[in-house]
Chemist: 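Handing you this structure, nothing more for now.
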Amino acid sequence: MIELIDNANNLVALKMWEPLLALLEDREDGVVAHVCWIIGTAVQNNLTAQAAVGLPLSSCLKSEG
């Protein structure tokens, strides 16, 4: 669903960025991984979504081990 650019841009109108970004702090690695996938998909080639996130996503880049 988030792959469509219109849906990614609707994350602002639906006020979904804050809850998504908050989930990056979840204790479950699986939740964080899925949130990273959603964010990555939303901002891919989408300047509007990139501007809406507006912060580095280092939580999505942590290494295993």
Chemist: So do the side chains of Leu23 and Val32 get within less than 4.5 Å of each other, counting heavy atoms only?
Modeler: no
Chemist: Please identify each residue that fulfils side chain to side chain contact (heavy atoms under 4.5 Å, CB included) with Leu47, with sequence neighbours left out.
Modeler: Gln50
Chemist: At what distance, to the nearest 0.5 angstrom, does CG of Leu21 lie from CE of Met16?
Modeler: 10.5 Å
Chemist: How close do Ala49 and Ala42 get, heavy atom to heavy atom, and via which atoms?
Modeler: CB-O, 3.3 Å
Chemist: Looking only at heavy atoms, which two atoms of Ala52 and Trp17 are closest? And how far apart?
Modeler: CB-NE1, 3.5 Å
Chemist: Please check: side-chain N/O of Asn10 versus main-chain N/O of Ala13, any donor-acceptor pairing under 3.5 Å?
Modeler: no
Chemist: Side chains of Ile39 and Leu24, heavy atoms from C-beta outward: is any pair under 4.5 Å?
Modeler: yes
Chemist: In Å and rounded to the nearest 0.5 Å, what is the CD1 to CG distance from Ile38 to Leu20?
Modeler: 5.5 Å
